[in-house]
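All residue numbers in this chain count up from 1 along the given sequence.
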Amino acid sequence: MTAAPVAHARPATPLPAPRTYHVRTLGCQMNVHDSERLSGMLDQAGYLPVDQVPEAAARATDAGDGGADVVVINTCSVRENAATRLFGNLGQLAAVKRERPGMQIAVGGCLAQQMRAGIVDKAPWVDVVLGTHNLDVLPVLLERARHNSEAQVEIEEALKVFPSTLPTRRESAYAAWVSVSVGCNNTCTFCIVPQLRGKERDRRPGEVLAEVAAVVAQGAIEVTLLGQNVNSYGVGFGDRGAFAKLLRATGDVPGLERVRFTSPHPAAFTDDVIDAMAETPAVMPSLHMPLQSGSDRVLRAMRRSYRSARFLGILDRVRAAIPDAAITTDIIVGFPGETEEDFQATLDVVEASRFASAFTFQYSPRPGTPAADRVDQVPAEVVAERYQRLTTLQQRISTEENERQVGRTVDVLVAEGAGRKDGATHRVTGRAADNRLVHVALPPGVDPEPRPGDLLTVEVTHGAPHHLVADSALTGGPYALRRTRAGDAWARRAGLEPEEHSHGDGGAAGPVSLGMPVRRR
């Protein structure tokens with residue numbers, strides 16, 4: 001009997017390893033949101049985040065490449081050193097690229113919109129440059145650059161695809177940005193953003209609310225409505241009261257517990273928005289209101305169409321309606337022509353405003369803006385000295401305001417990532433309803449531990465200049481953990497819990513209503 005021949009299986013051809021990507025974001029919340037869209041486009045094109053491929057992530061270097069095959073830098077052009085910072089980063093990446101066959105580098109964002117092919121001229125190892133108006137073309141440009149072995153630069157002059165219609169990979173499982181508009185119609189003389197982002201374009205309310213409902217269905221319990229000037233929302237479709245209506249409608253989305261927005265403009269901020277904030281429980285008692293200068297003369301030169309009295313009046317009305325509101329701001333020191341008298345006016349408004357915190361900037365000229373061409377630039381050493389006085393004043397006020405929080409019971413939404421000392425102190429970090437940063441001590445042997453997206457009810461025990469501490473759990477004081485759908489969503493993303501696991505009152509399908517928090521007065 002002849003033995004049957006043995007069939008030998010042909011060795012399978014190994015599949016090509018997926019290309020990985022890493023997105024680095026420089027700049028504002030709008031850039032953070034754009035980076036989520038860029039990541040979503042790469043996901044859709046078959047790329048993988050580098051942190052999902054351990055063997056790729058293991059080759060990460062100090063250049064900030066993450067170990068990825070594709071590194072995307074989403075740039076900002078608001079600060080004077082933006083270009084210096086970008087080309088410093090690109091210089092470091094050049095060495096990595098020489099040692100990593102097939103690696104590609106892409107540059108997007110406001111500085112790309114401004115410099116265009118100038119980026120490739122200065123850094124010829126860059127493969128792709130794209131602007132703020134055409135995020136959707138990133139995967140195509142990467143493929144074209146690879147096929148042609150030539151850098152691809154594509155800058156649109158106007159918005160090509162509204163970013164919110166693009167796929168997204170959200171940074172957070174429990175909190176989301178939702179754009180209500182893009183662009184800006186203001187003409188502030190120090191600002192380059194309108195030239196790079198274009199005129200304001202508003203989304204229809206139904207589109208905004210549909211996206212809010214979608215992110216809530218995915219597990220988010222906090223949403224921030226985002227625009228260059230959110231309270232001018234609605235001008236594009238003829239409804240000047242649209243933003244207040246949108247705030248109320250967003251707060252009514254089932255399952256959504258926290259609503260925030262940024263940034264408003266004092267000139268367009270109206271009392272119907274204050275009423276919506278006060279009367280909608282889900283809208284948080286926090287407000288970012290950019291001052292820029294306390295001098296009416298400087299505000300006029302900046303083309304900021306409000307004056308200090310109007311600004312302070314808004315703050316008074318907000319605090320009358322929402323006594324526990326925490327208000328933050330932006331301030332520029334050393335705008336061209338600023339005198340010591342002008343600067344003192346800023347100090348006076350800051351003292352009167354009692355900001356919880358302030359983002360303070362030394363003026364830097366941005367080419368292409370009217371202020372950059374003025375001949376009365378303030379000497380750098382004068383700007384630096386004034387800046388120091390302002391930050392000293394604001395640090396004192398922030399400390400005093402945070403010390404006033406001691407003894408308050410607050411609800412803290414636990415965040416992903418830890419504070420600088422949390423590892424040593426065994427605390428977790430999150431944000432209170434008023435958006436203050438809070439470091440929370442856990443009871444000894446606590447089980448279960450809070451996850452990002454869960455809510456803790458604790459008592460503030462210490463106020464520092466830039467954060468609060470809530471160690472009440474260590475002395476038998478208030479401590480309560482509420483595990484949420486948002487925490488479930490984070491755990492699923494981290495691979496720690498199965499898909500079907502869920503907390504809340506609703507069933508498995510659709511958004512789950514957790515009820516709305518009651519604001520403490």
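- The side-chain heavy atoms of V469 and V438, taken from C-beta on, include no pair separated by under 4.5 Å.
- Salt-bridge check for D422 with R427: failed, with every basic side-chain N at 4.0 Å or more from each acidic carboxylate O.
- Here the side chain of Q113 pairs a donor or acceptor atom with the backbone of T132 at under 3.5 angstrom.
- Between S308 and V349, the shortest heavy-atom contact is CB-CG2, 4.0 Å.
- Residues V128 and V107 have side chains not in contact (no heavy-atom distance under 4.5 Å, counting atoms from C-beta outward).
- Smallest separation of non-hydrogen atoms from A356 and T328: CB-CG2, 4.4 Å.
- Taking the six-membered ring where the residue is Trp, the centroids of F261 and H288 are separated by 6.0 Å or more.
- For the residue pair D342 and S295, a side-chain donor N or O sits within less than 3.5 Å of a side-chain acceptor on the partner.
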Would you check, one step at a time, whether the test side-chain contact (heavy atoms from CB on, under 4.5 Å) holds for V414 with T429? CA-CA 6 Å; V414 179; T429 291; over 6 Å; no
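- One finds the CZ atom of F343 at 5.0 Å from the CG atom of L390 (value rounded to the nearest 0.5 Å).
- For the residue pair R203/S181, the side-chain donor-acceptor check at 3.5 Å is not satisfied.
- In this structure, E257 pairs ionically with R482, as a charged nitrogen and a carboxylate oxygen lie closer than 4.0 Å.
- In this structure a side-chain-to-backbone donor-acceptor pair under 3.5 Å is missing from E351 to I397.
- R354 has a carboxylate O that lies under 4.0 Å from a charged side-chain N of E401, or vice versa, which qualifies the two as a salt bridge.
- Side-chain atoms of L468 and H462, non-hydrogen and from C-beta on, never get closer than 4.5 Å to each other.
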Worked verdict on R396 versus E403 for salt bridge (charged side-chain N to carboxylate O under 4.0 Å, His left out): CA-CA 11 Å; R396 171 178 65 78; E403 287 174 344; over 6 Å; no
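- A salt bridge does not link R37 to D34: none of the charged nitrogens lies less than 4.0 Å from a carboxylate oxygen.
- Side-chain polar atoms of Q388 and T392 form a donor-acceptor pair below 3.5 angstrom.
- Between the side chains of S232 and E200, a donor-acceptor pair is found at a separation under 3.5 Å.
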Verdict with reasoning, D411 to T457, per side chain to side chain donor-acceptor pair (under 3.5 Å): CA-CA 5 Å; D411 294 324; T457 301; 2.7 Å; yes
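- Using a cutoff of 4.0 Å between basic side-chain nitrogens and carboxylate oxygens, R404 and E400 are not scored as salt-bridged.
- In summary, D239 and K245 engage in a salt bridge, as defined by a charged side-chain N under 4.0 Å from a carboxylate O.
- Using a 4.5 Å heavy-atom cutoff, the side chains of N89 and R85 are in contact.
- Between Y174 and P452 there is a side-chain heavy-atom pair separated by less than 4.5 Å.
- Ion pairing of E338 with R374 is absent here, as no side-chain N (NZ or NE/NH1/NH2) approaches a carboxylate O to less than 4.0 Å.
- Cation-pi geometry between R204 and F237 is met: the NZ or CZ atom falls under 6.0 Å from the ring centre, inside 45° of the normal.
- Of the possible polar contacts, one joining the N231 side chain to the H265 backbone as a donor-acceptor pair under 3.5 Å is found.
- Here L315 contributes atom CG and S353 contributes atom OG; the two are 5.0 Å apart, rounded to the nearest 0.5 Å.
- Closest of all the heavy-atom pairs between G337 and R297 is O-NH2, 2.6 Å.
- Looking at E222 and R431, no side-chain N of the basic residue comes within less than 4.0 Å of a carboxylate O on the acidic one, giving no salt bridge.
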Output, in order, the C-alpha distance, side-chain angles, deciding distance and verdict of side-chain contact (heavy atoms from CB on, under 4.5 Å) for M41 and L166. CA-CA 7 Å; M41 292 299 303; L166 301 176; 4.0 Å; yes
For Y306 and R304, run side chain to side chain donor-acceptor pair (under 3.5 Å): C-alpha distance rounded to whole Å, both residues' side-chain angles, the deciding distance at 0.1 Å, then the answer. CA-CA 6 Å; Y306 58 88; R304 301 283 289 180; 3.0 Å; yes
Hey, mind stepping through N402 and R436 against side chain to side chain donor-acceptor pair (under 3.5 Å) and telling me if it holds? CA-CA 9 Å; N402 282 351; R436 283 184 166 93; 2.8 Å; yes
One pair to check against side-chain contact (heavy atoms from CB on, under 4.5 Å): D202 and Y233. What are the steps and the verdict? CA-CA 6 Å; D202 296 335; Y233 174 76; 3.8 Å; yes
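- In terms of heavy atoms, F335 sits closest to V378 at O-CG2, 3.5 Å.
- Two residues are said to be in side-chain contact when any heavy atoms from C-beta on lie closer than 4.5 Å; L130 and L138 meet this criterion.
- In this structure P367 satisfies the side chain to side chain contact (heavy atoms under 4.5 Å, CB included) test with no other residue, sequence neighbours excluded.
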Given the rule in the side chain to side chain donor-acceptor pair (under 3.5 Å) test, do T25 and N74 qualify, once you have shown the distances and angles that lead to the verdict? CA-CA 5 Å; T25 307; N74 193 15; 5.0 Å; no
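- Ion pair E416/R493 not flagged as a salt bridge, since none of the NZ, NE, NH1 or NH2 atoms sits closer than 4.0 Å to an Asp/Glu carboxylate oxygen.
- The pair D488-R483 does not meet the salt-bridge criterion, since no charged nitrogen lies less than 4.0 angstrom from a carboxylate oxygen.
- Side-chain N or O atoms of S293 include none that pairs as donor or acceptor with a backbone N or O of L299 at under 3.5 Å.
- Considering Q405, R319, R408 as possible partners of D324, the one that fulfils the side-chain contact (heavy atoms from CB on, under 4.5 Å) test is R408.
- Between T280 and L247 there is no side-chain heavy-atom pair separated by less than 4.5 Å.
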Between L291 and D330, does the side-chain contact (heavy atoms from CB on, under 4.5 Å) criterion hold? Intermediate values first, please. CA-CA 6 Å; L291 170 64; D330 298 329; over 6 Å; no
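- Here the shortest heavy-atom pairing between V333 and Y387 reads CG1-N, 3.8 Å.
- Salt-bridge formation is not detected for the pair K199/E157: no Lys NZ or Arg NE/NH1/NH2 atom is positioned less than 4.0 Å from an Asp or Glu carboxylate oxygen.
- In this structure, R485 and A220 approach most closely via the heavy-atom pair NH2-O, 3.8 Å.
- Inter-residue side-chain proximity for H439 and V428 is flagged as unmet; no heavy-atom pair is nearer than 4.5 Å.
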